[in-house]
Amino acid sequence: MINIKENKELSVLNHSCAHLLAQAVKHLYPNAKFWVGPVIEDGFYYDIDLDDQVIKEEDLALIEKEMKKCAKDGKRIIREEISKEDALEKFKDDPYKIDLISRMDENETVISCYTQGDFTDLCRGPHVDTTKEIKYFKLLKVSGAYWKGDSKNKMLQRIYGVCYDNEEDLEEHLKMLEEAKQRDHRKIGKDLDIFMSHDLVGKGMPLWLPNGAIVRKQLENYIYEKEQKLGYHHVYTPCVGTVDLYKTSGHWDHYKENMFPSMKVDEEEFVLRPMNCPHHMLVYGNKLHSYRDLPIRIGEFATDFRYEASGAVKGLERVRCMCQNDAHLFVTPEQIGEEFKKVVSLILDVYHDFGLENYSFRLSLRDKEDKEKYFDDDKMWDEAENKLREVLDELGVDYFEAIGEAAFYGPKLDVEVKPAVGPEVTLSTCQLDFLLPRRFDLSYIASDGSKQVPVVLHRAIFGTFDRFTAFILEETKGSLPTWLSPVQVNVIPVNNEYHLEYANEIGNLLMGEGIRIEVDERNEKLGYKMRESTIRKIPFSVIIGNKEVEDNTISYRVYGKEETVTVQKEEFVKYIKEVINHKKLNRDL
Ligand code: TSB
Ligand code: ZN
């Protein structure tokens, strides 16, 4: 897709279209006041204050119509330069423009305005010459946006749109948006009954429905087994901690704006935890350790709470209550490379099992000049950063480096993925940490008998179960591999009168083998039931008709495939168990 912001002509066109939008809104809502209307990667938006009037999605068509009318007039777009004083006078009734003008650079003594017909807006420009040039546009959505992005400020209404210089490109863009919408995990999650939300529970607090709970449980079992085999020890710790715990860890100073406010209970002051590291530090510190015990790997499927801006929360991808597939690995400095390699190998292994290919590794390093953000130990940083690079090269992993993106406590490796809608997000992460073990006064006895401080690797392979589920739903378009699917086999009798008994027998046989099944015993036509099976993306549909009853066989169809296969029932059981146990991907069926 074209990055509109980086394309000079399209950028001018989109910005002019934002003005056209403002002009139309002003015609239809005379009280409207305008904040800013910038060009973004995929179009433009305008933030508008309408007091208590609300623009709804269905109003956009009317606004678009008015825009077309204004554009057709073909008014010239005229630039005018005025002094700051004149600008303050001209816009004196508009607090938003006054705010913009007053904050302009000291040296900016001349201010430009653009006028088209009856509409004038403060703007640096440039713009197209006449409104006639703004032809191929579409308003896309409307949402709330706090003034200056601050939740303490008034909520404005943000209208998004896009504009091209020809019809084909606009059509192409809209088609792509429609495809992305179909792939959006929020839609799939609703269609497949994976999760819901409710205002009474709160923003960013999804409720996992029975189907979603099956998926999550399977993910938990899967990663637990892998971690067990790699020598992890799993723990359960509370999802609250005292403020003092987070003062000790440093989160209270460095991470407070991402935390829920504290609450007092008797004499103690608690916070909902945003991270699990402090708890795991205490678990490590519960015993004396020798270098022979290390690495010690403490894992937990741990619930965390983070304050995410209300405009940023999104389905399962960005939530305020999440469950991390977390672990903290305590190692000697000499073990960093080897342990990091195991984590990266585990990431590669897991992504391979899920057939994931659309991701990239980002190695976040310190900015050597920034002595304020990063603790001052060049030797330690250099060694750690080189070690991580070495491991990645050894494993032949492609990665890009991001200077200045490291955490203040150490370098890290993140896996970045692109959701159907919206900017990239991090899935897996592995972060080196030299500081936290010191803050908690952790130690081990080295081979020479001296007391040493361990190094910690924070790592989350799925990131959170929430975000990973969102991603996997989008990557598979909801057609999950059989081992993850809430319903694995849908048994469909052609005619209940003759075939239901045998269908139930097959259902019980499969259920007895631990396979998740449903028997569709509704009095509906076969075609209807098959279509529904497809809509629900159930991997296997088993069809039971006369022939199957007579021959003691079953016929099945794999999701997305045309052909129907008839086999002995024992053979089917064997086959589907193999598909599940080997976690076969749909593309390999
Ligand atoms: C890995 N202390 C480390 C941990 O030991 C930590 O918390 N790292 S983190 O802040 O990067 O979070 C881990 C992962 O959680 C991220 O990589 C990301 O995949 C996921 N995550 C972060 N914020 C959210 C959120 N708001 N909603 C869903 N998942 C999130
Ligand atoms: Zn951590």
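Both ligands and their constituent atoms are indexed starting at 1 by order of listing.
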Quick check: does Tyr255 get an N/O under 3.5 Å from an N/O on ligand 1? no
heavy-atom search around atom 2 (N) of ligand 1 in the protein gives Cys277 SG, 3.1 Å
Is the charged tip of Lys537 near the ring of Tyr559: under 6.0 Å from the six-membered ring centre and within 45° of its axis? no
Counting non-hydrogen protein atoms only, what is the nearest one to atom 13 (C) of ligand 1? Give residue, atom name and distance. Gln324 OE1, 3.6 Å
I need the contact type for Leu427 against ligand 1. Using non-hydrogen atoms and a strict under-4.0 Å cut-off, is it side chain, backbone, both or neither? backbone
Could you tell me whether the side chains of Asp47 and Tyr96 share a donor-acceptor contact shorter than 3.5 Å? no
Provide the number and element of each atom of ligand 1 under 4.0 Å from a heavy atom of Met275. 2 (N), 7 (O), 10 (O)
Ranking Arg320, Glu317, Arg459 by closest non-hydrogen atom to atom 28 (C) of ligand 1, top hit is Glu317
Of Glu372, Glu385, Glu401, Glu405, the residue whose pairing with Arg366 passes salt bridge (Lys or Arg N to Asp or Glu O under 4.0 Å): Glu385
Just need the protein heavy atom nearest to atom 27 (N) of ligand 1, so name the residue and atom and give the distance. Val319 N, 3.0 Å
Is it the case that the ring center of Tyr409 lies less than 6.0 angstrom away from the ring center of His254? no
Are Arg186 and Asp184 ion-paired here, with the side-chain N under 4.0 Å from a carboxylate O? yes
With distance as the sole criterion, is a donor-acceptor pair present between the side chains of Tyr291 and Gln452 under 3.5 Å? no
For atom 20 (C) of ligand 1, what is the closest protein heavy atom, and at what distance to 0.1 Å? Thr464 CG2, 3.7 Å
Nearest neighbour in protein (non-hydrogen) for atom 14 (C) of ligand 1: Gly463 CA, 3.9 Å
Report the nearest protein non-hydrogen atom to atom 8 (N) of ligand 1: residue, atom name, distance rounded to 0.1 Å. Gln431 NE2, 3.3 Å
Electrostatic pair Asp378:Lys371 at N-O distance under 4.0 angstrom: yes
Please check whether Thr426 reaches ligand 1 - meaning an N/O of the residue sits under 3.5 Å from an N/O of the ligand, judged on distance alone. yes
Partner of Leu219 by side-chain contact (heavy atoms from CB on, under 4.5 Å), out of Tyr224, Phe354, Phe301: Phe354
So, do Tyr246 and His251 have ring centers that fall under 6.0 Å from each other? yes
Please compare Val417, Asp326, Leu316, Thr469 and report which has the shortest non-hydrogen distance to atom 1 (C) of ligand 1. Asp326
Any nitrogen or oxygen of Glu308, main chain or side chain, under 3.5 Å from a nitrogen or oxygen of ligand 1? yes
Rounding to 10°, state the angle centred on the Zn ion (ligand 2) that links ND1 in His458 with NE2 in His328. 100°
Ring centres under 6.0 angstrom apart (Trp483, Tyr222): yes
Is any N, O or S atom of His280 under 2.8 Å away from the Zn ion (ligand 2)? no
Identify which of Lys412, Glu300, Arg306, Met322 has a heavy atom lying nearest to atom 9 (S) of ligand 1. Arg306
